[in-house]
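Before any comments, here is the structure.
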Amino acid sequence: MRSFEKMLVVCGVALGAFLFGPIDAAEARPNYFDALTTYYGIAPGANLDACGVCHFKWNGTGQRNPYGSTVEQQLYLGKSITQSLIDSELTDSDMDGFTNGDEIMIHETLPGYSCDNYFLAIDNPPVDYHTYCVPFVATCLVPIDIRLNTNIVGSFGVEVGTTEIYSIEIFNNGSTFPINVSSADFQAGASPDYSLVGPTAPFAIPVGESVIVDIVFSPTTVGFHNAVLEIESDDPDEPSVYVNASSVGFIKVLAPEEDRHACLSDVSKQYAKYTKTHLREWNRCYLDEVAGRACDTGRRDAKILSAESRFRSRVGGSKDKACKGNSLTASLLDMPTNCEAPCDSIVLTSINSLATCLICQQDAAMEQELTDALGTAPPDLPANSAGSVAAESCQKKVLSGMAKAVGTVQKTLGRCELENIIAVSPTDCAVAGAEKITKAQSKVDAAVDKCSDTTGLEGCRFEMSPDPACLGASALSIGDTLVDTTFGIDD
Ligand SMILES: [Ca+2]
Ligand SMILES: [Ca+2]
Ligand SMILES: [Ca+2]
């Protein structure tokens, strides 16, 4: 990154208004980082002059750490950034015994990190940040310390005859000495369907490094399979650390083709409707913000909520005849065990859980759409503002074009996947739908070329060296994910 670009990016928020728009500080929307440093008087170069105050990534963007999440909850209530900071002060987000306010204002320690979670900071935090996680604690590091990435692994269902791998990362979390692992093996009584792949003990792990041992699960029978991995080392206070593995093997039973077809036909139809409303409402709201009008969030949320309840009543609810009404489950529909990332905490069991997964994926789709088309996704409000009526109209075209293209991809691929359920030999839907999809993609890409003014706009087409096909590519990826989720396609 060239240095002048670097200066324009603060915690992942590109301050495009300074680049493209009128240089008028009053018009530029203040971002979170500015609000934090200004309100608390954090000096440049101070320990807390870092995006890592709120984010897991030290340079910002992505998931917020416990303190960032607390502030985010306040923002969701519609408060200003500064008010959200103030109303987060009495909470102890990282549970180290000191409130966020005391940590920031008195001790100048990180309000999102304690010695129990500081190692979750990623993307090169400063080498000494473990010295200002907890007030009065000189360092979270001890001379010899072992740490695992997890103590529990497993899957709700792994098909008999297939394999699932759980990677265990063993870290040397100490400050001074290597960790000597003397043994890493299952305790007696482990299911024989588990095996280990990794270095053979004894082995040493230097300071700051880690070693991966894979627990491999290949069920040969249905039901629960348990194993406990015990890792012995010279860590003085934890001579043994453990990983509990617990998984279920199953044999796949599917509902008859015509039942799956009838159910998924309804689901995809209802989902396309929900997607359309959801994108329309968020697009409208963000267009308002870019145009300098406050978005009517109440109206947006009411419309989305009513679309969601309509969707839920037809997918797993009282008006569902073909799926729940026909006693189908996610597994009878050949769905994976869990919803795809970022919704993978949702376990797919009932049709209701499928609806929850689809709603979650639609949120992710909206975030991707807004990021690519407009440059910002919730909970952040757009930092940019349209410089003219023509620029606003351009932004509107981009947003509605994206929603349309996503809808076309979703419907085209969805119809094809539906036919595949009952087809004698399945079609490659990407190939079969290529013509329609390419047309929809070119349309949204071409929308920008027709703009007479793009002043102040952000998003993938307004970057330094934009990919002229980025909007179409984004629409395809979004629509494809929605269809994969609907039909339980793992790719
Ligand atoms: Ca704290
Ligand atoms: Ca702390
Ligand atoms: Ca230890």
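Whatever order the structure lists ligands and atoms in, that order sets their numbers, starting from 1.
Counting only N and O atoms by type, the side chains of Tyr118 and Asn173 include a donor and acceptor under 3.5 Å apart. Between the side chains of Asp380 and Tyr32, at least one donor-acceptor pair of N or O atoms lies under 3.5 Å.
Counting only distances under 3.0 Å, and ignoring water, the protein N, O or S atoms around the Ca ion (ligand 1) are Asp92 OD1, Asp94 OD1, Asp96 OD1, Phe98 O, Glu103 OE2.
The shortest heavy-atom contact between Glu281 and Arg300 is OE1-CA, 3.7 Å.
Screening residues 119-141 for side chain to side chain donor-acceptor pair (under 3.5 Å), with sequence neighbours left out, gives His130-Thr139.
Between the side chain of Asp288 and the main chain of Cys285, no donor-acceptor pair closer than 3.5 Å is present. No side-chain donor-acceptor contact under 3.5 Å links Asp214 to the backbone of Gly198.
With a cut-off of 3.0 Å, the protein N/O/S atoms near the Ca ion (ligand 3) add up to 5.
When side chains are defined from C-beta on, Cys140 does not count as touching Tyr113, because their heavy atoms never get closer than 4.5 Å.
For Cys54, there are no disulfide bond (SG atoms under 2.5 Å apart) partners two or more places apart in sequence or in a different chain.
With salt bridges taken as basic N to acidic carboxylate O contacts below 4.0 Å, one links Arg312 and Glu308.
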